[in-house]
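Contents: one structure, followed by commentary.
Just so we're on the same page: letters track the sequence lines, and every chain starts at 1. Hydrogens, waters and symmetry mates play no part in the numbers below; they use all other heavy atoms, side chains included.
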Number of protein chains: 2
Amino acid sequence: MTKGQWEAPSVLLAVDLVILTLRHARLHVLLIERGVEPFKGALALPGGFLRDQDEAIEAAARRELSEEAGLVDVHLEMIGVYGKPDRDPRGRVVSVAYLAIAPRLPEPVAGTDAAGACWTPVEQILSAGMEVAFDHRQILVDGVERARAKLEHTTLATAFCGETFTISELQQVYEAVWGVQLDPRNFYRKVQSARGFIVTAGPMRRTENGRPARLFKAGPVQVLYPPMVRTV
Amino acid sequence: MTKGQWEAPSVLLAVDLVILTLRHARLHVLLIERGVEPFKGALALPGGFLRDQDEAIEAAARRELSEEAGLVDVHLEMIGVYGKPDRDPRGRVVSVAYLAIAPRLPEPVAGTDAAGACWTPVEQILSAGMEVAFDHRQILVDGVERARAKLEHTTLATAFCGETFTISELQQVYEAVWGVQLDPRNFYRKVQSARGFIVTAGPMRRTENGRPARLFKAGPVQVLYPPMVRTV
DNA sequence: CGAATAGTGTCTTTTAGACAGTATCCA
DNA sequence: TGGATACTGTCTAAAAGACACTATTCG
């Protein structure tokens, strides 16, 4: 509560992005090599400070998404706030973390500002002990866990795919993000019976090897029913 | 990214609390009558600014929880960040919202600072058009939705109960938060079969009317398997 | 005894999971 | 033709939902 002469302390506000995508059937996150202190030369999540007093937080996240990864119109949601008093040696910096999901991309990161942007397998950071700057490991852990959880009861998986996709492409998303193997036949039935999850995108087909598959696009529904249960 | 002479803008950081509890088998939220401008006299979620530059954000939330509601050791989790540039007429105020779950309480709000603290049925704000200050209606909506979702696949429901509770008390939590009626017999089976959800708390019993019920306490598990499915 | 709540059993329908078999492409 | 992937069908076991019934308390 504001009382009397006391003045509330102010903080610097930043945004950080966990940008996930699928590459070679594995989950990758975009990391940037830092060009300035602190943690100069180390890898970190893309992000930055609010540009000015009037910039909305999500707008800042979208701006960084565009500037650092060349991405527009992708799924974006807030993960949480990271504000431990000592998390940044420059002073009291509070960071709002966002989760972004990018569909399959051409090999290089298109339209990038930052020189050292690179897609890194999530496993390398989570299981192998690869280092990242600040508290970005924790932010990544929380972002990946958010994605895993939302695959269960929302249609988020379609955000990893392009405009249209086959059912086995969708299955690859679940397998990569959850780190499990799924039976394609049961996955088929499951996905088709989830109301509004996917809808057929014309009678077109696409091929690379074996029988061509039907194409689908994301359905109208956000919340999945029945959910895709990740058996524990 | 920090560049050259440019200086990042700073913001005021606040916390707001959605404190939920059950009263008379209905979901209630704690509101405070504001004693100062802006919105003087209006009802608002409890909350306030960070006390000083070194206070952790969650610590500020726990401090407000104690000062404004007299609550300690209750479930507390972050909901999200609310930072629209124009959400507070005093300037750029970014608020971190927290969800707190209080067990059944004695009628008055114990140990309260704020004079006008009152438990309000959530329905009155969500369905009936009761007004609240700032963007607190949206924060409440998000907090309640979070609670509803977490009841499905976590053991959060036990946080609404006291140290020990009966199965029908637990059922009341689900019914009040979800706003549905559940079959007590199937609920029984369901809850008992969810591994680690509840454990018997001795052979004691409690009574008020009808046959006495067994007492349980919260089990060791946080994530529910199988989940409590809220049929849509 | 009846009213009220606690707890068990049982039946039916739905869903998950395993897996056989057919279809359609390419080389 | 064989190899590969797409898709369909079928069986079994588990879980969800409906609901009859018994148990234990109070007054």
Quiz item: Taking only residues two or more places apart in sequence, or in another chain, which ones meet A:Arg214 in a salt bridge (charged side-chain N to carboxylate O under 4.0 Å, His left out)?
Solution: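 A:Arg214 satisfies salt bridge (charged side-chain N to carboxylate O under 4.0 Å, His left out) with no other residue.
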Where do N or O atoms of nucleotides 23-27 of chain D meet protein N or O atoms at under 3.5 Å, pair by pair?
| from | atom 1 | to | atom 2 | distance (Å) |
| --- | --- | --- | --- | --- |
| D:dA23 | O4' | B:Arg211 | NH1 | 3.4 |
| D:dA23 | N3 | B:Arg211 | NH1 | 3.0 |

Quick one: side chain to side chain donor-acceptor pair (under 3.5 Å) partners of [X], sequence neighbours excluded?
X        : answer
A:Arg137 : none
B:Glu123 : B:Ser127
B:Arg211 : none
B:Arg146 : B:Glu77

Tell me the interatomic distance from [X], atom [atom1], to [N], atom [atom2], rounded to whole angstroms.
X        : N      : atom1 : atom2 : result
A:Leu182 : C:dA16 : CG    : P     : 13 Å
B:Met228 : D:dA16 : CE    : C1'   : 12 Å
A:Phe187 : D:dT5  : CZ    : C1'   : 16 Å

Quiz item: Hey, what do you get for CG (B:Leu126) to CD (B:Glu145), rounding to the nearest 0.5 Å?
Solution: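 If we round to the nearest 0.5 Å, B:Leu126:CG and B:Glu145:CD are 10.0 Å apart.
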Pairs: protein N or O with nucleotides 8-15 of chain D N or O, under 3.5 Å:
| from | atom 1 | to | atom 2 | distance (Å) |
| --- | --- | --- | --- | --- |
| D:dT8 | OP1 | A:Arg214 | NH2 | 3.0 |

Exercise. Please identify each residue that fulfils ring-ring contact (aromatic ring centres under 6.0 Å, His included) with A:Tyr174, with sequence neighbours left out.
Key: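 Expected list: A:Trp178, A:Phe187.
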Quiz item: Which sits closer to the 5' end of DNA chain D, B:Val229 or B:Asp183, going by the nucleotide each is nearest to?
Solution: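 In this pair, the answer is B:Val229.
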Quiz item: What salt bridge (Lys or Arg N to Asp or Glu O under 4.0 Å) pairs are there with at least one residue in residues 182-192 of chain B, not counting sequence neighbours?
Solution: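 Sorted result for residues 182-192 of chain B: B:Asp183-B:Arg185.
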Self-check item: Residue pairs, two or more places apart or on separate chains, that pass salt bridge (Lys or Arg N to Asp or Glu O under 4.0 Å) and touch residues 154-163 of chain B
Solution: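 Checked against salt bridge (Lys or Arg N to Asp or Glu O under 4.0 Å) - neighbours excluded - no pair reaches residues 154-163 of chain B.
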Quiz prompt | Pairs meeting criterion ring pair (Phe, Tyr, Trp, His ring centres under 6.0 Å) with involvement of residues 124-172 of chain B, two or more places apart | solution =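 Sorted pair list: A:His153-B:His153, B:Phe39-B:Phe134, B:Phe134-B:His136.
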Quiz item: Where along residues 150-178 of chain B does a heavy atom come under 4.0 Å from DNA chain D, residue by residue in number order?
Solution: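 Contacts with DNA chain D under 4.0 Å: none.
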